[in-house]
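First the proteins, then the strands, lettered A, B, ... as listed; each starts at 1.
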Amino acid sequence: MFGGRPWWLPPRGGAAMIDPQTLRRDLQGVADRLRRRGFDLDIAGFERLEARRRSAQDETERLRHERRTSSKRIGAAKAAGEDIEPLVRAVGDLGDRLTVVAREFDAVREQLDEFVLAIPNPPHDTVPAGTDETDNVELRSWGEIMEFNFEPRDHVQLAAEYLDLESAAKVAGSRFSVLRGPLARLHRALTQFMIDVHTGEHGYEEVYVPYLVHRSALEGTGQLPKFEADLFAVDGERDRFLIPTAEVPVTNLMRDRILDADDLPLRFVAHTPCFRSEAGNYGKDTHGIFRQHQFEKVELVQIVRPEASWEALDELTAHAETILRRLELPYRAVVLCAGDLGFAAAKTIDLEVWLPGERRYREISSCSNFLDFQARRMLARFRNPDTGRPDFVHTINGSGLAVGRTLIALLENFQDGDGVIHIPDALRSYMGGVDRLAFQAT
RNA sequence: GGAGGGGUGGCUGAGCGGCCGAAAGCACUGGUCUUGAAAACCAGAGAAGGGCGACCUUCCCAGGGUUCGAAUCCCUGCCCCUCCGCCA
């Protein structure tokens with residue numbers, strides 16, 4: 001009614017993340033769980049806002065009720081042919097008083113929305129304690145780490161002939177890459193292979209989605225409002241951003257919907273470029289194409305009923321692992337500790353592939369269960385047949401896999417010391433049948 | 001870019017400044033009937049928020065305005081559809 005709320009924002013009340021009821025009922029409990037991930041919830045601040053909200057809402061609704069009943073009475077009197085004037089006069093400055101308190105109510109609500117939108121998802125109980133990646137816990141590992149009888153090269157050395165970082169820098173700056181010839185084809189082959197496995201064997205529906213999205217979509221999945229610095233905004237008359245992951249457009253397909261329970265679970269796979277400004281990562285991974293402003297990713301998204309989400313996380317993680325196994329790439333799965341969790345995730349399992357060039361495991365996929373955190377923000381619901389009422393769905397996603405990093409892993413793991421890269425069986429049909437690529441390594 | 005027409009509940013679709021949270025149909029839930037199901041008939045049922053509760057408030061694309069009172073009237077924005085032009 002008052003205050004400019006941009007059209008692209010979700011309806012008020014949907015703009016929560018933690019269930020506001022839970023927040024009010026068990027503020028201390030929520031604060032305790034959030035502390036595990038290093039988030040300090042301002043309890044006193046919240047209670048102050050809540051107190052203001054309560055009185056403002058109370059007064060607003062009381063005045064509205066009064067206006068409603070008076071107006072009805074006037075209508076009835078008019079219909080009966082009576083004199084309306086005294087009744088109209090009795091209403092007096094009701095409208096003005098209502099305007100004042102309603103403005104206060106709106107202002108408080110806006111502050112509450114802001115407050116609540118900035119609260120991350122509390123970690124699930126099974127998430128290990130810890131503050132950073134050194135506290136993550138390995139769950140399992142797979143594959144033999146290659147022992148070379150020569151000094152393994154890294155991907156930049158191996159692919160030098162077809163990896164043109166100078167040209168990329170010339171046209172776009174640092175952290176961009178140009179791949180040529182067989183390298184570009186290998187990159188494309190990987191993408192096709194991944195999508196085919198997920199659609200053909202894992203039951204995912206392939207979707208093609210926008211690479212530019214509204215602010216509201218990013219709020220829905222949790223990248224905004226807190227992490228605007230990580231995104232590329234597009235200058236122009238409207239608020240649009242390049243997607244940092246396909247998770248954003250794909251998960252938001254369910255925005256503002258009430259799904260049939262029979263339609264769940266939904267499984268989507270999308271191949272998109274991803275754009276990240278990598279602000280705050282200035283000195284990190286500057287070598288090669290490991291960390292880029294633009295990269296390709298095949299993303300898996302599942303929309304499931306609440307009771308099915310933990311099983312779905314394991315399932316989706318296994319789907320991503322399938323790609324690594326088919327490509328014969330050694331990897332391990334680690335569960336992120338509370339302090340290393342992303343803003344919206346309740347639990348995350350990272351897949352880390354072995355990179356001989358660095359002699360260590362590096363992240364190649366990140367699979368998360370968001371519970372109803374994202375669903376609540378974007379109003380994604382299903383009609384619960386048990387109650388007949390709409391309930392929030394749970395959302396899960398993960399990379400299956402990051403294509404550029406898979407390319408790195410392939411080059412580094414399957415080098416033979418003479419500039420020859422062996423192509424794993426699973427990929428050969430996508431490479432026109434060739435089983436090796438010969439590169440002029442430096 | 002030019003000209004028109006529209007945005008109403010899970011979906012389709014009526015709607016007079018007060019009797020409209022909103023007809024009707026579909027879908028849904030319960031009941032009758034049936035061995036069971038379907039069909040038919042009867043009944044119920046929108047969403048969000050607040051309150052221990054009786055109950056109250058909000059919501060007809062969004063924002064603003066007129067009015068005692070707005071789904072309905074006015075202004076602005078967004079989106080969709082049709083036609084013309086342009087274009088991959």
Side-chain angles (χ1 to χ4, degrees), chain A residues 1-25 47 49-99 101-113 116 208 210 212-217 219 236-240 252-264 266 303 372 375-393:
Chain A
M1 194 169 186
F2 305 103
R5 189 160 178 83
W7 61 269
W8 59 80
L9 290 187
R12 274 258 176 53
M17 47 122 284
I18 292 179
D19 180 8
Q21 309 264 18
T22 308
L23 205 54
R24 282 191 287 265
R25 203 176 335 105
E47 281 174 338
L49 279 172
E50 262 294 289
R52 277 177 64 201
R53 189 225 92 217
R54 209 174 276 254
S55 71
Q57 177 160 3
D58 201 62
E59 182 67 0
T60 304
E61 293 187 355
R62 201 181 59 74
L63 289 176
R64 281 190 179 141
H65 180 64
E66 197 178 324
R67 178 180 72 181
R68 207 181 148 102
T69 48
S70 312
S71 294
K72 274 218 163 94
R73 222 175 297 125
I74 292 172
K78 194 176 177 185
E82 297 167 13
D83 182 19
I84 292 175
E85 271 314 303
L87 285 170
V88 172
R89 233 178 297 117
V91 173
D93 62 346
L94 187 77
D96 294 336
R97 281 188 292 147
L98 180 57
T99 300
V101 292
R103 264 189 223 284
E104 157 72 1
F105 183 32
D106 275 352
V108 179
R109 222 164 20 165
E110 210 160 303
Q111 286 177 47
L112 266 171
D113 280 354
V116 171
Y208 171 82
L212 285 173
V213 297
H214 283 140
R215 176 175 290 275
S216 60
E219 284 185 346
E237 74 283 10
R238 244 174 282 128
D239 239 349
R240 281 197 248 260
N252 274 284
L253 293 176
M254 298 305 129
R255 157 174 297 275
D256 205 15
R257 289 179 58 175
I258 299 179
L259 301 158
D260 282 345
D262 294 342
D263 292 339
L264 302 177
L266 290 166
I303 312 292
D372 64 358
R376 198 176 285 284
R377 288 174 160 237
M378 62 192 172
L379 241 59
R381 295 168 291 173
F382 75 106
R383 174 110 15 217
N384 189 333
D386 299 332
T387 60
R389 314 197 65 84
D391 282 338
F392 291 110
V393 296

Phosphate OP1/OP2 of C56(B) contacted by His65(A) side-chain N/O (<4.0 Å): no
Just name whichever nucleotide pairs with U12(B), Watson-Crick or G-U, keeping both distances under 3.5 Å, else none. A24(B)
Sequence neighbours excluded, the answer for side-chain hydrogen bond (donor to acceptor under 3.5 Å, both in side chains) partners of Asp260(A) is none
Treating Arg52(A) as the side-chain partner and Val108(A) as the backbone partner, does any N or O pair qualify as donor plus acceptor under 3.5 Å? no
Between Asn384(A) (side chain) and Pro390(A) (backbone), is there a donor-acceptor pair under 3.5 Å? no
All heavy atoms of Ala77(A) vs all of Leu87(A), minimum pair found to be CB-CD1, 3.7 Å
By the Watson-Crick or G-U definition, both distances under 3.5 Å, G53(B) is matched with none
Is the shortest distance from a Lys or Arg side-chain nitrogen in Arg97(A) or Glu59(A) to a carboxylate oxygen in the other one below 4.0 Å? no
If I take atom CG in residue Asp391(A) and atom C1' in nucleotide A47(B), what distance separates them, rounded to the nearest angstrom? 13 Å
Can you tell me the Watson-Crick or wobble partner of U66(B), both distances under 3.5 angstrom? none
CG-CZ distance between Asp391(A) and Arg383(A), expressed to the nearest 0.5 angstrom: 10.0 Å
Give the rounded distance in Å between these two atoms: CZ of Arg389(A) and P of A45(B). 12 Å
Can you tell me the base-pairing partner of C33(B)? Count Watson-Crick or G-U wobble geometry only, both distances below 3.5 Å, and say none if there is no partner. none
Base, sugar-phosphate, or nothing: which does Pro390(A) touch, judged by heavy atoms less than 4.0 Å apart? sugar-phosphate
For A3(B), give the paired nucleotide (Watson-Crick: N1-N3 plus N6-O4 or O6-N4; G-U: N1-O2 and O6-N3; both under 3.5 Å), or none. U82(B)
Name the pairing partner of U72(B), where a pair is Watson-Crick or G-U wobble with both distances under 3.5 Å, or state none. none
Go ahead and name the base partner of G17(B); Watson-Crick or wobble counts if both distances stay under 3.5 Å, otherwise write none. none
Keeping Ser71(A) on the side-chain end and Arg68(A) on the backbone end, is there a donor-acceptor pair under 3.5 Å? no
For the residue pair Arg109(A) and Phe105(A), would you count it as a cation-pi contact if the rule is NZ or CZ under 6.0 angstrom from the ring centre and within 45 degrees of the ring axis? yes
Roughly how far apart, to the nearest Å, are G10(B) and G1(B) at atom C1'? 38 Å
Does anything in residues 50-59 of chain A come within less than 4.0 Å of RNA chain B? Heavy atoms only, and list the residues if so. Arg53(A), Arg54(A), Gln57(A)
Using 4.0 Å as the upper bound for N to carboxylate O, is an ion pair formed by Arg53(A) and Glu50(A)? yes
Between atom CZ of Arg389(A) and atom CD1 of Ile258(A), what is the distance when rounded to the nearest 0.5 Å? 10.5 Å
Students often get this wrong, so: under 4.0 angstrom with heavy atoms, is Arg73(A) touching a base, only sugar-phosphate, or nothing? nothing
Using a cut-off of 4.0 Å between protein heavy atoms and nucleotide atoms, how would you tag nucleotides 68-75 of chain B 5' to 3' with B, S and -? BS------
Does A47(B) have a Watson-Crick or wobble mate here (both distances under 3.5 Å), and if so which one? U58(B)
Go nucleotide by nucleotide along RNA chain B from the 5' end; which of Ile258(A) and Phe105(A) gets its closest nucleotide reached first? Ile258(A)
Of Arg383(A) and Ala76(A), the one whose nearest nucleotide on RNA chain B sits closer to the 5' end is Ala76(A)
Span that lies between the C1' atom of G15(B) and that of G25(B), in whole angstrom: 16 Å
